[in-house]
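The block underneath contains the structure these notes are about, expressed in structure tokens.
Owing to the predicted nature of the structure, the values given are computational and were not obtained by experimental measurement. Below, read A as the first sequence line, B as the second, and so on, with proteins coming before strands; counting in each chain starts at 1.
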Number of protein chains: 2
Amino acid sequence: MKATTERYRTLGIKLTPQRLAILECLDGNKSHPSAEDIYKEVLKRFPTMSFATVYNTLEVLREKGGVQALTIDPDRMRYDPDTMGHHHLICQRCRKVVDVHSDVKVDIPEDMAHGFEITGSHMEFYGLCPKCKAKED
Amino acid sequence: MKATTERYRTLGIKLTPQRLAILECLDGNKSHPSAEDIYKEVLKRFPTMSFATVYNTLEVLREKGGVQALTIDPDRMRYDPDTMGHHHLICQRCRKVVDVHSDVKVDIPEDMAHGFEITGSHMEFYGLCPKCKAKED
DNA sequence: GTTACTGCAAAGCTTTTGCATCCCT
DNA sequence: AGGGATGCAAAAGCTTTGCAGTAAC
């Protein structure tokens, strides 16, 4: 059994060919794809694939912790199969997103937490990616 | 002349009663309102106010640096008149957003920048606000 | 056999745009 | 006076939903 299938099962959801294709598309994907990116990719293998199935599956995966929804793009949701804590570099010109795995522990002082019970954190670094920086001149 | 009016002029945009109302609504506003929040608020004083005017004005203000657009809410854009670098606490249940002004310098090691030219950063802390934490039990 | 997923289409929301009119400078 | 903003409505883009048929368990 493929590793992807195995991991899928551990999520405790019904396994379908479409869902398997979506998970394989996400597997190790560092491009932070949008739902449409995933749809287009999976469409190559499943010409009858529905957009609704992509959204439904992503929502289920998100609930089960199989994918992380990122709000880093003003225009659309982005998805990240890497659900371990990490941060992101975002190109403000072309919207490219790159992972930043940092050991730096991000903590907030107790007196600034305003009574919140903090469960996670995320750092975003904005700037220009190498390609867009080159075009700038 | 009111301080708000004065600051508005320094942005170099045409001053209208509607725009003034929007800026006054934003002035010192710590609630990180959505466009609709602002629309509803301004509607009280300008019953003929158009949604398009709110969006147009927010876009102009954003370009001129008079307001910051936040992508911290999956459902809608949020706006923040505080354009000085600061971070946010976000309640994942009710979407309440609270400012975090921290002196902690947020920097990324050169070797993790992936060639990006970094122009800014933003930290998000997720969790439950006091009210939602109380309901949790 | 049941449960629940798929696919299609339509609807829902937020945000944008076109255009005629009006108003600030 | 002229350029730009307003207001209205319609459109656009992303995402969700209802439903009948179908596949996974």
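- In this structure, A:D37 places its CG atom 11 Å from P of D:dT15, rounding to the nearest Å.
- Remark: A:S31 pairs with A:N29 by the side chain to side chain donor-acceptor pair (under 3.5 Å) rule, at least two apart or across chains.
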- [ ] Mark up nucleotides 19-25 of chain C, 5' to 3', with B wherever a protein heavy atom is under 4.0 angstrom from a base atom, S wherever such an atom reaches only the sugar-phosphate, and - elsewhere.
- [x] -----BS
Side-chain donor/acceptor pairs under 3.5 Å, residues 116-124 of chain B, sequence neighbours excluded:
residue : atom : partner : partner atom : Å
B:T119  : OG1  : A:Q92   : OE1          : 3.1
B:T119  : OG1  : A:Y126  : O            : 3.2
B:H122  : NE2  : B:H88   : ND1          : 2.7
B:E124  : OE1  : B:Y126  : OH           : 2.1

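- For the pair B:N56 CG and D:dG4 C1', the interatomic distance rounds to 11 Å; values are reported in whole Å.
- Under the rule for a ring-ring contact (aromatic ring centres under 6.0 Å, His included), the partners of A:Y39 that lie at least two apart in sequence or sit in another chain are A:F51.
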Interface polar pairs with nucleotides 9-14 of chain D, N/O, under 3.5 angstrom:
residue : atom : partner : partner atom : Å
D:dC14  : OP1  : A:R76   : NH2          : 2.8

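- For A:R62, the side chain to side chain donor-acceptor pair (under 3.5 Å) partners at least two apart in sequence or on another chain are A:E59.
- With 3.5 Å as the limit, one finds a donor-acceptor pair spanning the side chains of A:D82 and A:H101.
- By the side chain to side chain donor-acceptor pair (under 3.5 Å) test, B:E41 is found to be paired with B:K44, residues two or more places apart in sequence or in another chain being considered.
- Note on residues 56-80 of chain B: no pairs pass ring pair (Phe, Tyr, Trp, His ring centres under 6.0 Å), not counting sequence neighbours.
- Here the C1' atom of nucleotide C:dT3 and the CZ atom of A:R19 are 12 Å apart, to the nearest Å.
- By the side-chain contact (heavy atoms from CB on, under 4.5 Å) test, A:L15 is found to be paired with A:T5, A:Y8, A:R9, A:L20, residues two or more places apart in sequence or in another chain being considered.
- Judged purely by distance below 3.5 Å, without hydrogens or angles, the side chains of B:S34 and B:D37 pair a donor atom with an acceptor atom.
- The side-chain contact (heavy atoms from CB on, under 4.5 Å) check on B:T83 picks up B:Q68, with sequence neighbours excluded.
- For B:K30, the NZ atom is densely surrounded, since the number of other residues' heavy atoms within 6.0 Å is greater than 12.
- Contacts between residues 61-74 of chain A and DNA chain C, counted as heavy-atom distances below 4.0 Å, involve no residue at all.
- In the helix from C:dG1-D:dC25 to C:dT25-D:dA1, the rotation axis of the first five pairs and that of the last five pairs differ in direction by 50°, rounded to 10 degrees.
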